[in-house]
Amino acid sequence: MKNQIQELLLQSLAELESKDILSTSNDILIKIENSRSPEHGDFATNLAMTLAKKNKINPRQLAQKIINQLPKSEILERVEIAGPGFINFFLKQDSHQATVVKILKNGHRYGDSKIGANISTLVEFVSANPTGPLHIGHGRGAAYGTAVSSLLRKIGFNVSCEYYINDAGRQMDILALSVWLRYLQHNDVKIPFPENAYQGDYITDIAIALYAEYAGKFVLPTEKIMPLFEEKAPELKIDGLIKYCIDNLGEKYYRIIFDAGLDSILTTIKNDLVGFGVKFNNWFSERSLVENKTVEKCIQKLIKNDWVYEKDGAQWFRSSKLGDEKDRVLIRENGQATYFASDIAYHLSKVERGFEKIINVWGADHHGYIARVKASMQALELSSDRLEVLLVQFATLYRGKEKLQMSTRSGEFITLKELQEEVGKDAARFFYIMRKSEQHLDFDLELAKSESNDNPVYYIQYAHARICSVFRQLSEKGINYQQAEALKHISKLNEAHEIKLLATLARYPDVIENAAITYEPHQLAYYLKDLANDFHTYYNANQFIVDDDIIRNARLTLIEATKQVIQNGLSLLGVTAPEVM
RNA sequence: GCGCCUGUAGCUCAACCGGAUAGAGCAUCGGCCUUCUAAGCCGGGGGUUAGAGGUUCGAGUCCUCUCAGGCGCACCA
């Protein structure tokens with residue numbers, strides 16, 4: 001609809017230009033808005049106001065000239081000038097009514113478009129360290145990332161979702177150590193447990209499972225371990241213990257413990273995500289980048305192109321030459337590659353796998369990381385423009401007044417699974433999506449639980465269930481409804497509530513497109529609330545199952561179309577559309 | 001100290017690349033169920049958009065400064 005109006009305006013402008021009344025730049029952007037108020041028609045443009053100054057014409061006069069040159073149109077009832085120079089477009093009623101046909105004809109594809117041009121797109125999100133179950137903080141990234149992916153697919157991008165598994169590095173060593181120490185304790189070895197190791201009960205569970213399979217195979221004499229606990233600096237103590245564990249247990253046994261922890265936690269994470277309705281196309285292992293030498297290959301290439309230098313025994317990347325605020329270490333003094341080195345390789349892999357558009361959904365605490373990753377892509381002569389990093393701000397978690405920590409190490413956190421069990425998947429997903437991603441979120445658990453019945457998601461689902469109920473009543477009463485036949489009577493949909501509902505339904509494709517290209521799924525959530533509101537109002541004002549066949553059929557097509565759009569929208573957000581509530 | 005994000009009704013949040021009278025929900029007050037689900041609808045009250053300047057036909061939105069909060073500034077991930 002907007003496109004048609006835009007076309008009319010372009011023709012009008014071309015006409016004015018050919019008469020030398022007006023000059024416009026070639027890249028003129030015609031902005032057409034959905035009017036906020038019915039008295040301003042259905043659509044409005046500020047075109048005359050933006051062109052007025054350049055052409056030294058009074059905006060209202062210019063608006064009149066533009067209107068005079070508008071070609072005849074089938075869809076417009078009338079066009080008006082209002083306020084300082086807005087041009088308001090009023091649609092003919094049958095243009096509104098045609099929306100019903102369009103929706104019912106396209107079904108679950110209503111709202112799709114092809115503007116993504118099948119561009120190969122990778123969306124990476126969650127990617128939490130497999131050192132513990134996902135907590136509520138991860139839920140936001142999961143809900144957001146998957147909604148963005150779904151939206152992009154809807155507008156024609158070829159999207160793949162990926163989870164990057166940080167299965168290498170120090171955090172994982174700490175995890176393995178934590179498992180081992182719990183395992184020793186389970187073997188009645190009297191040994192302390194460091195405060196900065198992973199405290200969660202799930203560690204003990206893994207240790208017990210390990211014991212069940214391997215019995216006392218990994219027990220070492222304690223005399224040599226105990227002195228390591230005397231180290232005062234907590235991080236050094238941990239490192240000392242890890243080193244002891246690897247050296248004395250041997251690489252093979254250490255790997256068994258390490259993998260037991262990794263596999264167990266990864267399985268939990270995968271299950272929790274499936275339960276949350278979040279699916280990944282690929283789980284990408286950081287370790288694989290080390291094992292197949294991609295990391296080494298990256299570093300060699302950087303060295304070859306003179307992006308690396310040595311300082312204090314470490315290898316540094318000259319990222320400050322490429323927009324980063326300082327240079328970054330690739331290889332530490334102790335010879336180990338940094339996480340950043342893996343990440344360079346990971347992004348190379350993304351490009352080499354053919355992704356033209358690369359989207360990373362990161363927690364806001366990683367924002368300082370963007371510049372160095374982009375710098376590395378430039379240094380490897382990969383276009384860094386194709387990388388877009390979407391930052392999701394933190395959710396601060398409260399239980400009533402009490403602020404809760406979401407630290408995995410402390411082991412005290414609400415898991416995503418617990419949230420799901422308490423609040424429900426639909427409500428939780430919608431709760432996350434409602435907030436735009438760059439907003440900080442105060443998530444009061446008590447509130448979320450106690451108000452779960454007031455969660456707007458139920459408002460939307462209720463509209464859907466009500467519509468389903470109407471159709472159930474219809475068949476119970478033995479009243480015939482044939483969509484094709486009923487569609488012949490949509491011209492009867494001209495009551496105020498019906499026009500309002502039709503206009504909202506017509507907006508849906510725009511909402512999808514805009515939500516997708518701006519990566520703002522909350523726009524869809526708010527739209528669905530609006531749509532449900534229009535429906536509930538209509539429901540209260542009019543009876544659908546009436547004796548008049550024509551009126552009844554017309555109304556039924558409208559609510560059937562409404563049902564379809566609610567379904568389409570909710571499914572994009574990972575929320576179900578129940579038929580009964 | 002530097003960088004990023006945020007500040008809108010009592011609370012939680014919207015506001016479509018700046019646009020017409022800043023909107024919802026919760027809470028509060030008042031109406032609506034012999035008719036398709038009252039998890040609903042209709043109406044009232046509630047605002048100096050943190051503050052001060054600036055840009056322009058027009059600012060919650062853009063710029064500068066101040067204040068307040070969150071996050072980041074590792075040879076951790």
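Bear in mind the structure is a predicted one, so any value in this text is a computation, not a measurement. Residue numbers begin at 1 in each chain, while the letters A, B, ... track the order of the sequences.
Following rounding to the nearest Å, A:Leu558 (CG) and B:C36 (C1') show an atom-to-atom distance of 15 Å. A straight line from CD of A:Glu235 to P of B:A74 spans 16 Å, rounded to a whole angstrom. Atom NZ of A:Lys563 is separated from atom C1' of B:C36 by 15 Å (rounded to the nearest Å). Protein atom NE2 of A:His536 is 12 Å distant from nucleotide atom P of B:G25, rounded to whole Å. For the pair A:Phe430 CZ and B:C13 C1', the interatomic distance rounds to 12 Å; values are reported in whole Å.
The side chain of A:Met49 lies closest to B:G19, out of B:G19, B:A20, B:C75. Distance from the side chain of A:Thr537 is smallest for B:C41 among the nucleotides B:G19, B:C41, B:C71. Distance from the side chain of A:His366 is smallest to B:A77 among B:G19, B:A38, B:A77. Distance from the side chain of A:Phe544 is smallest for B:C36 among the nucleotides B:A15, B:C36, B:G40. With distances taken from any side-chain atom of A:Thr338 to the nucleotides B:A77, B:G40, B:C16, the minimum falls on B:A77. Considering only the side chain of A:Tyr339, B:A77 comes nearest among B:A77, B:C42, B:C36. Here B:A15 is the nucleotide among B:A20, B:C76, B:A15 with the atom lying nearest to any side-chain atom of A:Glu520. Among the nucleotides B:G40, B:A20, B:C71, the one closest to any side-chain atom of A:Arg466 is B:G40. Comparing B:C75, B:A15, B:C41 against the side chain of A:Asn533 picks out B:C41 as the nearest. Nearest nucleotide to the side chain of A:Glu333, out of B:A38, B:C75, B:A20: B:C75.
A:Lys326 comes within 4.0 angstrom of the backbone, heavy atoms only, and of no base. Within the 4.0 angstrom heavy-atom criterion, no nucleotide atom of any strand lies near A:Asp343. A:Ala463 comes within 4.0 angstrom of no nucleic acid atom, judged by non-hydrogen atoms across all strands. Using a 4.0 Å heavy-atom cutoff across all strands shown, A:Gln543 reaches at least one base atom of the nucleic acid. Here A:Tyr369 lies in heavy-atom contact (under 4.0 Å) with a base. A:Val580 comes within 4.0 angstrom of a base, heavy atoms only. Note on A:Ala541: nothing from the nucleic acid sits closer than 4.0 angstrom, heavy atoms only. Nucleic acid contact class of A:Asp312 (heavy atoms, under 4.0 Å, all strands): base. Residue contacts shown for A:Ala82 include a base, since a base heavy atom lies under 4.0 Å away. Base engagement by A:Glu39 is indicated by at least one non-hydrogen atom pair under 4.0 Å involving a base atom. At the heavy-atom level, A:Arg328 lies nowhere under 4.0 Å from the strands shown. Within 4.0 Å (heavy atoms only), A:Phe340 reaches no atom of the nucleic acid at all.
The backbone N or O of A:Pro578 sits less than 3.5 Å from a side-chain atom of A:His464, completing a donor-acceptor pair.
A:Arg435 forms a cation-pi arrangement with A:Phe431, by the criterion of a distance under 6.0 Å to the ring centre and an angle within 45° of the ring axis.
Residues A:Ala486 and A:Asn553 come closest through the heavy atom pair CB-CB, 3.5 Å.
Using N1 to N3 plus N6-O4 or O6-N4 for Watson-Crick, or N1-O2 and O6-N3 for G-U wobble, each under 3.5 Å, B:G72 pairs with B:C2. B:U55 is unpaired under the criterion used here, namely a Watson-Crick or G-U wobble arrangement in which both key atom distances are under 3.5 Å. Searching all strands for a Watson-Crick or G-U wobble partner of B:G23 with both distances below 3.5 Å returns B:C13. Under the Watson-Crick and G-U wobble criteria, each requiring two contacts below 3.5 Å, nucleotide B:G30 is paired to B:C42. Pairing for B:G7 is with B:C67, a Watson-Crick or G-U wobble pair whose two hydrogen-bonding atom distances lie under 3.5 Å.
Using a 30° and 60° split on the angle between ring planes, A:Trp362 and A:His366 fall in the tilted class, from 30° to 60°. Ring geometry for A:Phe340 versus A:Phe317: interplanar angle of 30 to 60°, hence tilted. Relative orientation of the A:His497 and A:Tyr538 rings is tilted, given thresholds of 30° and 60° on the angle between their planes. Taking the six-membered ring where tryptophan is involved, the planes of A:Tyr539 and A:Phe544 are perpendicular, since the angle between them exceeds 60° and thus also 30°.
With its ring centre under 5.5 Å from that of the base six-membered ring and a plane angle below 30°, A:Phe86 counts as stacked on B:A20.
Residues A:Tyr508 and A:Tyr527 have side chains in contact (heavy-atom distance under 4.5 Å, counting atoms from C-beta outward).
With 3.5 Å as the limit, one finds a donor-acceptor pair spanning the side chains of A:His536 and A:Arg466.
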Using the ring-ring contact (aromatic ring centres under 6.0 Å, His included) rule, take A:Phe471 and A:Tyr481 through it: C-alpha gap first, then chi angles, then the decisive distance, then the call.
-> CA-CA 9 Å; A:Phe471 281 98; A:Tyr481 170 72; 5.4 Å; yes
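Put simply, the side chain of A:Asn46 and the base of B:G19 share a donor and an acceptor less than 3.5 Å apart. With hydrogens and angles ignored, a donor-acceptor pair under 3.5 angstrom links the side chain of A:Asn88 to the base of B:A20.
Regarding the sugar-base torsion, B:C33 falls in the syn class, its angle being within 90° of 0.
Toward the 5′ end of RNA chain B lies the nearest nucleotide of A:Phe431, the other residue of the pair A:Thr45 and A:Phe431 mapping further downstream. Residue-to-nucleotide proximity on RNA chain B shows that, of A:Ser37 and A:Ala364, the 5′-proximal contact is made by A:Ser37.
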Reading 5' to 3' through nucleotides 1-11 of chain B, protein heavy-atom contacts under 4.0 Å coded B for base, S for sugar-phosphate only, - for none | --BSBSS----
